Structure formats: structure tokens, C-alpha cells
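Everything numeric in this text was worked out from a predicted model, so none of it was measured.
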Protein chains: 2
Amino acid sequence: MSALREKILTVATDLFQTRGINSTGVDTIVAVAGTTKMTLYKYFKSKEILILEVLQQGHQEFQSWLNAKLDQSSKKPAEKLQKLFDFVEEWVTSPDFRGMAFMKASAEFPNEENIIHKLSAEHAKEFRSYIADIASQAGVIEAEALALQLSMLIEGAIQAEQMKRGSGAIKYAKKAAKVLIDAAPKKPQ
Amino acid sequence: MSALREKILTVATDLFQTRGINSTGVDTIVAVAGTTKMTLYKYFKSKEILILEVLQQGHQEFQSWLNAKLDQSSKKPAEKLQKLFDFVEEWVTSPDFRGMAFMKASAEFPNEENIIHKLSAEHAKEFRSYIADIASQAGVIEAEALALQLSMLIEGAIQAEQMKRGSGAIKYAKKAAKVLIDAAPKKPQ
DNA sequence: GAAAAAAGACAGAATAGTCGATATAGCAAC
DNA sequence: GTTGCTATATCGACTATTCTGTCTTTTTTC
């Protein structure tokens with residue numbers, strides 16, 4: 001894979017997050033990436049395709065990072081749900097946190113028929129499914145319901161953090177999560 | 001107040017929500033509103049001013065609506081927190097629900113120095129304060145903390161609903177809220 | 001007749017995307 | 001080692017549309 005292609009993806013990811021997707025022109029992207037439009041359009045057929053690839057790569061990297069963190073932290077499924085919020089906190093409070101890509105993308109492309117919106121919705125769904133899997137392994141009976149609730153807390157906390165960096169919202173989300181996890185009926189082991 | 005001015009505000013509100021703010025040009029707004037740019041710029045000095053007014057009006061209308069609903073529903077503060085989620089559900093599931101304006105606006109204008117972002121953050125804060133007041137009246141000791149948690153649930157549910165209409169996320173947010181409200185320490189009465 | 005609004009042209013910048021010409025590599029043949 | 005081929009990248013101009021915002025003139029409305 002080309003180094004320039006990677007550079008364009010990296011720069012686009014950063015600019016989309018810090019300035020917004022619609023507010024970032026391809027001219028700006030190529031200028032910051034130190035290349036030209038010809039090169040950008042060689043690797044990406046359109047800006048829309050570039051946006052989709054940026055979203056896809058960001059989502060995969062985040063999910064991989066989270067999954068790796070959870071895997072190496074604890075072998076007990078019951079602890080994973082709590083740990084999840086620790087890692088989300090680590091992510092959210094890191095200096096280069098810029099928000100959840102699919103949340104912003106769905107706001108910039110509100111039409112449900114839009115392909116970017118659809119991909120965002122898919123990523124949100126995958127994130128919930130991922131949490132549901134962990135909840136299921138932890139013996140939670142209504143794993144899907146709890147996963148939805150926990151994802152709402154996480155996305156709400158990220159929304160708060162996007163509004164104001166250093167809000168500390170995730171700490172309270174974590175506490176709320178503990179209450180919900182403890183209250184959720186589980187299979188006897 | 002001019003009827004045309006109102007019409008422009010109404011149309012802009014709708015278009016911003018359904019197509020996105022940056023994706024909606026003033027030409028589109030005046031065309032749909034059945035007026036001209038001259039008139040728009042007579043009432044609003046710039047598109048930015050229009051956006052700010054749209055946000056301000058939407059926020060005030062929502063808060064007034066919610067406050068009226070809560071006032072006429074129950075006189076007991078303890079019940080208001082639960083009722084809050086009923087009314088949010090009523091709002092979210094209504095056919096003309098288009099999302100929470102300040103959530104979308106902050107996504108389109110991610111820079112914290114941006115005036116539109118600042119106003120969005122202010123609205124988010126006011127919404128939390130409003131919930132905190134109710135929680136405080138209900139005797140919740142850590143009213144601010146619970147208000148933050150409940151607002152994260154609401155905003156998370158709205159995020160889910162923006163992703164996919166009819167997701168039903170708010171129902172699970174309501175259940176989670178009940179658990180959190182019940183678990184919150186309260187002053188003895 | 002006076003004020004408000006419409007109509008439409010206009011400026012100047014930015015938008016996405018294209019095109020041709022040039023430069024620069026690596027690599028193979030001789 | 002030199003030459004030539006080829007793929008890749010660069011450069012800048014270019015189209016054509018859209019953007020915000022302004023202007024003048026005409027029409028409507030009271």
C-alpha cells in the first residue's frame with residue numbers, strides 16, 4: 001500500500017474530526033498531506049469514497065484497539081463489562097481524542113438514505129453488538145438490552161466530551177454503568 | 001415580528017435538521033421559504049447569525065414545551081424525573097422529531113472556539129441544569145451527578161434515534177433511568 | 001406616495017473533479 | 001554504466017458549480 005495513500009487517510013481523518021467533514025475541502029486535505037488532487041483522486045474515486053474509507057479505517061482501528069485491550073486485561077467475562085468503561089475512559093481522556101467518528105458523520109449526513117449515514121449506523125450497531133457479546137459472555141440474560149443501555153451511556157459521555165473537553169462525563173457514565181451492570185439479571189453459574 | 005422572518009426561521013430549522021447545516025445554502029432556504037436573499041439578509045446579518053437564532057429558538061421552544069409538560073403532569077418532584085423520560089419519549093417518537101439541534105450543531109462545528117459550538121455547549125449545559133433542578137427538588141443528594149447521567153442516557157438515546165428512526169432506544173433509556181434514579185441516595189423526608 | 005419585498009444580476013471565493021505536461025523514481029536490457 | 005521503459009507523482013491550469021453576501025431595479029402592498 002502506498003505511503004501517500006496512508007498519509008491522505010491520516011490527514012483526512014484528522015481534518016474531518018477537527019474541522020468537520022463538510023467544512024474540509026479536498027484542496028485542504030492535499031495541501032496538508034503535501035500532495036496533489038491528482039494523487040488523491042487516483043487512490044479515492046471521490047470525496048465520498050474517501051470519507052467512507054476514513055470512517056471504515058477509524059472504526060476498525062478503534063474496535064481492534066479496544067478488543068486488544070480487553071483481551072489482555074482480563075480473562076473473566078464478568079469483569080470485562082466494567083473494564084470496557086476503563087478503556088473508553090482511557091481513550092476519551094487521551095490528548096488526541098477527537099470524538100466518535102460515526103456520531104459526527106451521522107450528524108453531518110442526517111439523511112438515512114445517505115451512504116455515509118448508513119455506514120455510520122452500521123458502525124454504531126457493530127459497537128453495540130460487540131458490547132452485547134461481552135454482556136452475553138458475562139451471563140447477562142438480556143444482553144442486547146444492557147448493551148444498548150451501556151452504549152447510550154458511552155455515546156452520551158462522548159457527546160458531552162465533544163462539547164467540552166475535560167468534562168469528566170465518562171467518570172459518571174462509568175458509575176452509572178456499574179449500577180446498571182449490577183442490577184442486570186444474570187444466569188446462575 | 002415579521003411573518004417572513006418567522007417563515008425563514010421555521011424553514012431554516014427544518015432544513016438544517018434534515019439536510020445538515022453546512023449542506024444547506026441560503027439560496028435553498030429562501031427558495032423553500034418563498035422569499036429572497038435580500039429579505040433574509042435584512043433580518044439576519046449573516047448565515048452564522050441565522051444559525052445561532054435557529055438554535056436559540058429551537059432550544060427555548062423545546063425547554064418551554066418540556067417544562068410545561070412537566071408542570072401540568074405532576075406536582076410531586078419525586079415523580080418528575082420519571083415523567084421526564086416519558087415526555088422525551090413522546091418528543092423522540094413524534095413524527096416530526098429530527099434530532100437534538102445542539103448535538104448536531106456541535107458535530108458540524110467541532111472547534112470549541114466556534115461561537116456556534118459554544119452556544120450548543122451552553123444549551124447542553126442548560127438542559128443538564130434543568131434536570132439537576134428537578135433531581136434536587138426530588139431530594140437527590142448528588143443531583144448534578146445524577147442529572148449528568150440521565151442527560152447522557154437521553155443524548156445517547158437521541159443519538160441512536162438519529163441513526164435509525166424507530167430504534168426504540170428511548171424505552172431502554174427509560175428503564176436504565178429508573179434503575180439509576182432508584183439507586184440514587186436521597187434526603188430523608 | 002412610501003415602505004417592503006421580489007427579482008435577478010453580480011462579485012469573489014470555494015467547491016469537487018479533470019486534464020495534459022512534466023519530473024522522478026525503480027528496473028530491465030544492452 | 002548508460003539507455004530506455006514504465007509506473008508513480010507533481011504541477012498548475014482548467015471546468016463548472018456552488019457558496020455567501022451585495023447591488024440595482026422593479027413590483028407589490030398598504
Side-chain angles (χ1 to χ4, degrees), chain A residues 1-56 104-105 107-111 113-120, chain B residues 1-56 104-105 107-111 113-117 119:
Chain A
M1 185 139 309
S2 164
L4 266 174
R5 193 189 141 92
E6 290 303 305
K7 180 73 180 171
I8 291 169
L9 270 175
T10 308
V11 166
T13 300
D14 185 56
L15 289 176
F16 287 163
Q17 294 272 33
T18 54
R19 303 185 187 191
I21 298 173
N22 282 317
S23 302
T24 303
V26 289
D27 293 279
T28 308
I29 295 170
V30 296
V32 174
T35 181
T36 60
K37 278 204 277 191
M38 272 307 292
T39 306
L40 186 148
Y41 279 100
K42 176 176 224 166
Y43 292 121
F44 310 95
K45 263 174 66 185
S46 66
K47 188 187 178 185
E48 190 173 67
I49 299 285
L50 173 61
I51 296 169
L52 291 171
E53 283 221 35
V54 163
L55 286 178
Q56 192 63 41
K104 288 183 173 182
E108 292 215 49
F109 302 91
N111 187 345
E113 300 308 309
N114 182 285
I115 189 168
I116 296 170
H117 188 100
K118 280 183 180 171
L119 184 65
S120 302
Chain B
M1 186 137 308
S2 163
L4 268 173
R5 193 189 141 92
E6 290 303 305
K7 180 73 181 173
I8 291 168
L9 271 175
T10 307
V11 166
T13 300
D14 184 58
L15 290 176
F16 287 164
Q17 294 272 34
T18 54
R19 304 186 186 188
I21 298 173
N22 282 317
S23 301
T24 304
V26 289
D27 293 279
T28 308
I29 296 170
V30 298
V32 175
T35 180
T36 60
K37 277 204 278 190
M38 275 306 293
T39 306
L40 187 149
Y41 279 100
K42 175 178 218 168
Y43 292 120
F44 310 95
K45 263 174 66 185
S46 65
K47 187 187 178 185
E48 191 174 66
I49 298 285
L50 173 61
I51 296 168
L52 291 171
E53 284 220 35
V54 164
L55 287 177
Q56 192 63 42
K104 289 183 173 181
E108 291 215 51
F109 302 90
N111 186 346
E113 300 307 309
N114 182 286
I115 189 168
I116 296 170
H117 187 101
L119 184 65

* Asked: What pairs with B/Ala107 under side-chain contact (heavy atoms from CB on, under 4.5 Å), at least two apart in sequence or on another chain?
  -> A/Lys104, A/Ala107
* Starting at atom CG of B/Asn22, determine the distance to atom P of D/dC19, rounded to an integer number of angstrom. => 11 Å
* Please name all residues satisfying side-chain contact (heavy atoms from CB on, under 4.5 Å) with A/Lys118, sequence neighbours left out, ordered by chain then number. => A/Glu113
* **Nearest-angstrom distance from the residue atom NZ of B/Lys45 to P of D/dT20** => 18 Å
* Structure fact -> In whole angstroms, the gap separating P of D/dT20 from CG of B/Asp27 amounts to 7 Å
* Structure fact -> Hits for side-chain contact (heavy atoms from CB on, under 4.5 Å) against A/Val30, two or more places apart or cross-chain, chain-then-number order -> A/Thr35, A/Lys37, A/Leu40
* With a cut-off of 6.0 Å (strictly less than), are more than 12 heavy atoms of other residues, nucleotides or ligands near CD1 of A/Ile49? -> yes
* Value in whole Å for how far the C1' atom of D/dT20 lies from CG of B/Leu50 -> 12 Å
* Asked: Base, sugar-phosphate, or nothing: which does B/Thr24 touch, judged by heavy atoms less than 4.0 Å apart?
  -> sugar-phosphate
* What's the NZ-P distance between B/Lys7 and C/dA5, to the nearest Å? -> 15 Å
* B/Ile29 has an atom CD1; how far is it from atom P of D/dT20, in whole Å? -> 7 Å
* To do: Using whole Å, report how far CD1 of B/Ile21 lies from P of D/dT20.
  => 12 Å
* To do: Figure out the NZ/P separation between B/Lys47 and D/dT20, and round it to whole Å.
  => 4 Å
* Nucleic acid footprint by protein, nucleotides 5-14 of chain D - heavy-atom cut-off 4.0 Å, B for base, S for sugar-phosphate alone -> ---SSBBB--
* Only counting residues at least two apart or in another chain, list the ones meeting side-chain contact (heavy atoms from CB on, under 4.5 Å) with B/Ser23. => A/Asn22
* For residues 8-17 of chain B, pull every pair meeting side-chain hydrogen bond (donor to acceptor under 3.5 Å, both in side chains), keeping only residues two or more places apart or in separate chains. => none
